[in-house]
Amino acid sequence: MNGQTSRRSEVVRSVSEGQRAWGGLWVTFLLAILGFLVIYPILMLLLGALTDTNPVVEGISLSHLSVKNFVTVLANPNVAEALANTMIACGGGTLIAVVIGLLFSWIVVRTNTPFKGFIAAASILPLFAPPLVAGVAWAILGSPKTGLINTMFKWVGLDWRVDFYSMWGLVFVFGIYYAPYVYMFTASALRNMDPSLEEAAEISGASAFATLFTVTFPLIMPAIVSGMLLSFIVMLGIYGIPAVLGAPTNLAVLTTYIFKLTNWSPPLYNTAAAVAIILMVVTGLLVFLQQRVLSGRSYTTVAGKAFRPRSLDLGRWRWFTFGLGIVYLLIVVVLPSLALIVAAFRKFMFIRDAASLFDMRQYSLMHFYSIFDNPLTLRSIYNAVEVGVVTAVVGGALAFAIGYTIHRTRVTGRFWIDLISTVPVAIPGLVVGVAYLWAWIGIPGGLYGTIWILALAFIARFMPDTVKSLSTSFMQIHRELEEAAWVCGKGMLETIRTIVLPLARPGVIASMTLLFVLAIRELGSSLFLYTSNTMVMSVLLLDYYEGGNIGKTAAFSIVQTILLGVLIGGANWLSQGSAQGSVARTG
């Protein structure tokens with residue numbers, strides 16, 4: 001036995017020495033790829049913000065470096081207004097998201113509400129709708145003149161009107177759409193909290209209501225704050241919802257303002273780069289704050305003693321909490337879906353009264369015929385699928401190499417690989433698009449105008465999600481299996497091919513499918529990188545909406561939703577639900 005142990009230790013030590021010998025070259029190779037994908041575009045974005053040259057006309061230049069663009073941007077009242085609108089919309093949306101997410105996590109985990117599995121599923125359903133599609137659906141519902149909600153109010157004789165083309169509309173949609181982020185964090189914390197702390201409070205005479213607000217919620221405060229910050233960060237980088245609900249009333253936030261700058265004549269690329277840097281810095285600070293909250297140790301609620309989560313008996317009130325779940329499902333899923341279906345199949349969106357709404361003669365497939373008569377529709381679907389395949393294959397292979405290097409080797413430099421591959425988590429999709437635009441638009445014969453620039457931007461954008469998803473698979477494989485292969489004489493590559501890859505295959509396939517789905521629904525990065533030949537589905541959907549054709553927009557939204565539903569269903573089936581949070585992080 002001692003001989004076998006000695007032989008094994010000798011072989012492991014020999015392989016480790018081999019890793020160190022080739023480790024330098026391997027780490028240099030990976031750092032070069034990450035530098036190309038992440039560092040170079042960010043540096044070019046910063047250079048663009050510090051110069052006054054036009055990259056299309058004059059190319060990239062190091063002359064006239066100054067902070068003039070930042071000074072101009074910070075003194076511009078339009079930027080200040082867009083920043084203030086962004087803070088109000090994201091702050092108000094986060095407040096609503098915290099209330100909804102916290103309420104439903106408490107109902108699902110800590111009460112005896114019936115059909116809790118159904119409520120738990122309803123609580124995360126908004127994650128699966130692309131933000132742009134959600135914005136379009138609520139525009140159809142809440143338009144001040146032709147909105148379905150106002151039509152119904154008029155039909156029942158109520159003198160009420162709603163207007164979702166406003167700050168309140170934006171805050172409401174942000175809040176209900178991103179509440180699942182808070183729900184996922186707080187539900188997990190409630191499940192892991194020792195109920196004896198609450199029982200001690202009640203024995204001391206505190207009511208259930210007082211216990212909830214003086215013991216339960218304070219103890220899961222790190223989870224609440226973390227979910228709140230994540231919701232705020234994601235809202236900060238979203239373009240689709242503010243573009244749809246804010247454009248009719250010129251309500252600009254930072255993301256829509258950046259895109260507007262690049263569409264002026266002449267395009268203000270330098271100013272857009274400066275605003276993008278400011279947005280990236282704000283997002284980075286919030287991500288740093290979230291990491292600090294997650295690493296906090298002062299709110300320990302999980303100990304070595306075994307316990308079971310306690311369910312509070314609500315009595316007759318349990319049907320009230322069940323009703324809240326039904327109302328939430330109606331608002332976030334049923335109503336938007338019905339709005340899209342009505343708009344997609346109705347010939348004209350003018351609805352005089354409820355009788356007209358149910359008049360089947362007003363419905364047809366004309367909008368579906370119309371979108372598929374447009375050659376851009378099929379081309380955008382083909383481009384989206386092509387970009388998705390390239391992103392999934394190349395991004396999946398790169399994430400596997402990065403994840404294996406970080407978690408299964410001891411090579412020097414893996415810390416920097418981990419750090420650089422995590423950087424994009426703090427960069428909104430729209431900023432990634434501006435950075436890649438700066439990096440490649442002024443270089444003749446480069447990547448700009450090809451499918452590859454979209455795929456590379458998506459790989460960089462979603463690298464933290466993919467590596468994180470794969471890391472779970474790597475950490476589940478015990479090192480003894482690899483060591484056994486080395487003892488049997490297999491080399492590093494042969495061990496990966498015959499041992500690691502087959503065992504991690506479900507996670508690898510799920511990560512690649514996840515990348516495929518994320519690439520198809522991505523809008524922010526695509527807006528700056530597409531051309532007429534490389535237009536993808538999300539961009540064409542926005543184009544239909546901005547063209548004023550609600551019927552076509554709704555029909556194409558349904559096509560995109562069905563396609564994504566099939567893909568997300570496949571991804572969840574392959575990964576058994578582990579990728580849900582990552583699918584929904586982006587917009």
Hey, what do you get for CG (L30) to CH2 (W416), rounding to the nearest 0.5 Å? 15.5 Å
Can you find a pair of side-chain heavy atoms, one from I42 and one from L46, that are under 4.5 Å apart? no
side-chain contact (heavy atoms from CB on, under 4.5 Å) between L430 and L523: does it pass, once the steps are laid out? CA-CA 8 Å; L430 195 100; L523 173 65; over 6 Å; no
How far does OG1 of T450 sit from CG of L447, to the nearest 0.5 angstrom? 5.0 Å
Between V434 and the options L529, I258, L527, the side-chain contact (heavy atoms from CB on, under 4.5 Å) test singles out I258
Do I96 and F174 have side chains that approach each other closer than 4.5 Å (heavy atoms only, starting at C-beta)? no
Please lay out, stage by stage, how W452 and Y436 fare under the test ring pair (Phe, Tyr, Trp, His ring centres under 6.0 Å). CA-CA 11 Å; W452 277 95; Y436 269 72; over 10 Å; no
Measuring from atom CD1 of I520 to atom CG of N383, what distance do you get when rounded to the nearest 0.5 angstrom? 11.0 Å
Donor-acceptor list for residues 273-284 side chains, cut-off 3.5 Å, not counting sequence neighbours:
residue: T283; atom: OG1; partner: L279; partner atom: O; Å: 2.7

Considering all heavy atoms of both residues, which atom of S421 and which atom of I406 are nearest to each other, and what is their separation? OG-CD1, 4.4 Å
Donor-acceptor contact present, side-chain D163 to main-chain S143, <3.5 Å: no
Interatomic distance, I550 atom CD1 to R346 atom CZ [nearest 0.5 angstrom]: 14.0 Å
Can you list everything that forms a side chain to side chain contact (heavy atoms under 4.5 Å, CB included) with A339? Sequence neighbours excluded, please. I140, L141, L148
Considering all heavy atoms, the nearest L170-V253 contact: CD2-CG1, 4.3 Å
If you define the side chain from C-beta out and look only at heavy atoms, does anything of M535 sit under 4.5 Å from T531? no
Minimal non-hydrogen separation, A392 against M512, with atom names: CB-O, 3.2 Å
Begin from the C-alpha positions of Y328 and I119 and carry the test side-chain contact (heavy atoms from CB on, under 4.5 Å) through to its verdict. CA-CA 9 Å; Y328 181 70; I119 296 175; over 6 Å; no
Report the distance from atom CG of L229 to atom CZ of F185, rounding to the nearest 0.5 Å. 9.5 Å
Any side-chain to backbone donor/acceptor pair from N85 onto A252? Under 3.5 Å, distance only. yes
With side chains defined as the heavy atoms from C-beta onward, is the minimum distance between H367 and F345 less than 4.5 Å? no
Holding to ring-ring contact (aromatic ring centres under 6.0 Å, His included), I want the full list of residues that pass it with F516, two or more places apart in sequence or in another chain. none
Is there a side-chain contact between M463 and T466, using heavy atoms and a 4.5 Å cut-off? no
Evaluate S557 against L541 for side-chain contact (heavy atoms from CB on, under 4.5 Å), listing each step before the verdict. CA-CA 7 Å; S557 295; L541 178 59; 3.4 Å; yes
Residues pairing under ring pair (Phe, Tyr, Trp, His ring centres under 6.0 Å) where one sits in residues 528-566, two or more places apart or in two chains, turn out to be F259-F528, Y544-F556
Just do the side-chain contact (heavy atoms from CB on, under 4.5 Å) check on V385 and Y382 with the steps written out, would you? CA-CA 5 Å; V385 172; Y382 176 81; 6.0 Å; no
Say whether, by atom type as modelled, one donor and one acceptor occur between the side chain of Y257 and the main chain of N78 under 3.5 angstrom. no
Closest non-hydrogen atom pair, W138 against I331: CZ2-O, 3.1 Å
Which atom of P424 lies closest to which atom of V38, heavy atoms considered: CG-CG2, 4.0 Å
Given side chains that start at C-beta, do those of I558 and I562 come closer than 4.5 Å, heavy atoms only? yes
Is Y363 atom OH crowded by more than 12 heavy atoms from other residues, nucleotides or ligands, each under 6.0 Å away? yes
Heavy-atom side-chain proximity of L37 to L398 below 4.5 angstrom: yes
Sequence neighbours left out, what passes ring-ring contact (aromatic ring centres under 6.0 Å, His included) with Y165? Give chain and number order. none
Partner set under side chain to side chain contact (heavy atoms under 4.5 Å, CB included) for S370, not counting sequence neighbours: K552
Heavy-atom pair with the smallest gap, counting every atom of P464 and T422: CG-O, 3.9 Å
So, do W438 and Y448 have ring centers that fall under 6.0 Å from each other? no
Quick one: does L132's side chain get under 4.5 Å of Y239's, heavy atoms only? no
Judged by atom type as modelled, is there a donor-acceptor pair below 3.5 Å linking the side chain of R461 to the main-chain atoms of P428? no
If only atom types and distance count, is the side chain of S337 paired as donor or acceptor with the main-chain N or O of V333 below 3.5 Å? yes
Any side-chain donor paired with an acceptor under 3.5 Å for S525 and E522? yes
Whether F462 and F458 hold their rings parallel, tilted or perpendicular, with breakpoints at 30° and 60°: tilted
Regarding S380 and T377, do their side chains bring together a donor and an acceptor under 3.5 Å, going by distance alone? no
